[in-house]
Amino acid sequence: MSPRLTLATALRVLGQLRHDRRTLALMLVVPCVLIGLLAWMYSGTQVFDRIGAPLLGIFPFVVMFLVTSVATLRERQSGTLERLLAMPLGKGDLVGGYAVAFGLLAVLQAVLATAFAIVVCGLDVAGPVWLLLVIAVVDALLGCTLGLFFSAFAATEFQAVQFLPAVVLPQLLLCGLFLPRDALPDVLRWVSDVLPLSYAVDAMTTMTRYPDAVGDALQDVAVVLAFAVAAVVLGAATLRRRTP
């Protein structure tokens, strides 16, 4: 990989996104709207404080997964990837550039969603706010990198969208949001242990309940980051020049 080529790819992707204002608005506004809707639904109760933080990590994860997988597939269908890879640009540079570009958007998205949840919706956080923001950013990066990886297995944009229920929903059901992971049947708990979103939700839950459990949350963040790095490596290894 060349840092210069990776940066050039990232700047090209950001330049394309800058002209797609509708997509940018959806990426940045939708998580805030969903969090605000949830806070409104459970106003006057403790429910929002209990599930608000985990959802703060899940919403950006889902949005970035969908946007990244579809955007990468469109590049391949239009022949852009084939033309780029005909130049001295490695697959690692290409996937790394996409990860950097969408990662920057993920940071902005996580900052807006976290600020909106705390300042506007009144989310009560027991731990340090900066760590809650870090966890939200890492969750969004995870969605971005998984979207890059799974886009290699889709032939159409419709198929790319279908990966959402196939890849994201099982993680959503088993991450501990609806039922504590310790209360799951043994087989489902073992499956939950190897899914990255479980560690993301554990980190968010820890920060909202235990002010002195920074070390435990950082361990979960490290696991999520490891999944994100593995997704980038696998995405580069499985990247195809064009859709058959």
Side-chain angles (χ1 to χ4, degrees), residues 27 31 34-35 50-69 95-96 98-114 117 123 125-151 163-164 166-182 184 188-210 213-237:
M27 291 173 64
L34 294 176
I35 291 169
R50 181 173 59 84
I51 65 174
L55 289 176
L56 191 60
I58 290 174
F59 288 153
F61 168 82
V62 174
V63 173
M64 293 306 295
F65 176 90
L66 184 60
V67 170
T68 307
S69 57
V95 175
Y98 271 82
V100 170
F102 283 105
L104 291 174
L105 280 178
V107 171
L108 182 58
Q109 184 188 63
V111 169
L112 288 176
T114 302
L123 178 66
V125 181
V129 175
W130 66 265
L131 186 52
L132 188 73
L133 176 61
V134 168
I135 299 169
V137 170
V138 172
D139 291 349
L141 285 173
L142 176 67
C144 171
T145 55
L146 286 179
L148 283 171
F149 172 57
F150 282 100
S151 69
F163 275 114
L164 188 66
V167 176
V168 175
L169 286 188
Q171 297 192 60
L172 185 61
L173 293 175
L174 300 177
C175 68
L177 183 64
F178 300 103
L179 184 69
R181 293 205 296 136
D182 292 339
L184 291 172
L188 294 181
R189 181 164 50 81
W190 296 336
V191 174
S192 174
D193 287 342
V194 296
L195 297 177
L197 199 57
S198 300
Y199 297 93
V201 170
D202 282 351
M204 281 293 194
T205 303
T206 299
M207 278 299 89
T208 55
R209 296 180 182 176
Y210 311 107
V214 174
D216 293 338
L218 288 177
Q219 288 181 1
D220 290 326
V221 170
V223 174
V224 177
L225 271 177
F227 274 103
V229 172
V232 170
V233 174
L234 291 173

Min side-chain heavy-atom separation [X]-[Y] under 4.5 Å:
X      : Y      : answer
Leu172 : Phe178 : yes
Ser198 : Gln171 : no
Val63  : Gln109 : yes
Phe61  : Val168 : yes
Asp139 : Met204 : yes
Leu55  : Leu177 : yes
Leu225 : Tyr199 : no
Val214 : Pro128 : yes

Item to complete: Could you go through the side-chain contact (heavy atoms from CB on, under 4.5 Å) check for Cys175 and Leu195 one step at a time?
Response: CA-CA 8 Å; Cys175 68; Leu195 297 177; over 6 Å; no
Worksheet item: Are the side chain of Thr114 and the backbone N or O of Leu133 linked by a donor-acceptor pair below 3.5 Å?
Response: no
Discussion item. So does Leu141 get a backbone contact from the side chain of Thr145, meaning a donor-acceptor N/O pair under 3.5 Å?
Written reply: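 Yes: the side chain of Thr145 pairs with the backbone of Leu141.
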Out of curiosity, [X] [atom1] to [Y] [atom2], how far, rounded to the nearest 0.5 Å?
X      : Y      : atom1 : atom2 : result
Leu148 : Phe65  : CG    : CZ    : 10.0 Å
Thr205 : Asp220 : OG1   : CG    : 9.5 Å
Gln219 : Thr206 : CD    : OG1   : 10.0 Å
Asp193 : Leu184 : CG    : CG    : 9.5 Å
Phe227 : Phe149 : CZ    : CZ    : 12.0 Å
Leu174 : Leu197 : CG    : CG    : 10.0 Å

Could you report the tightest heavy-atom contact between [X] and [Y], atom names first, then the distance?
X      : Y      : answer
Leu131 : Ala217 : CD2-CB, 3.9 Å
Ala117 : Ile35  : CB-CG2, 3.9 Å
Val224 : Ala200 : CG2-N, 3.7 Å
Ser192 : Arg181 : OG-CD, 2.7 Å
Val201 : Pro54  : CG1-CB, 3.9 Å

Discussion item. Pair Ser69, Leu164 - check side-chain contact (heavy atoms from CB on, under 4.5 Å), show working.
Written reply: CA-CA 10 Å; Ser69 57; Leu164 188 66; over 6 Å; no
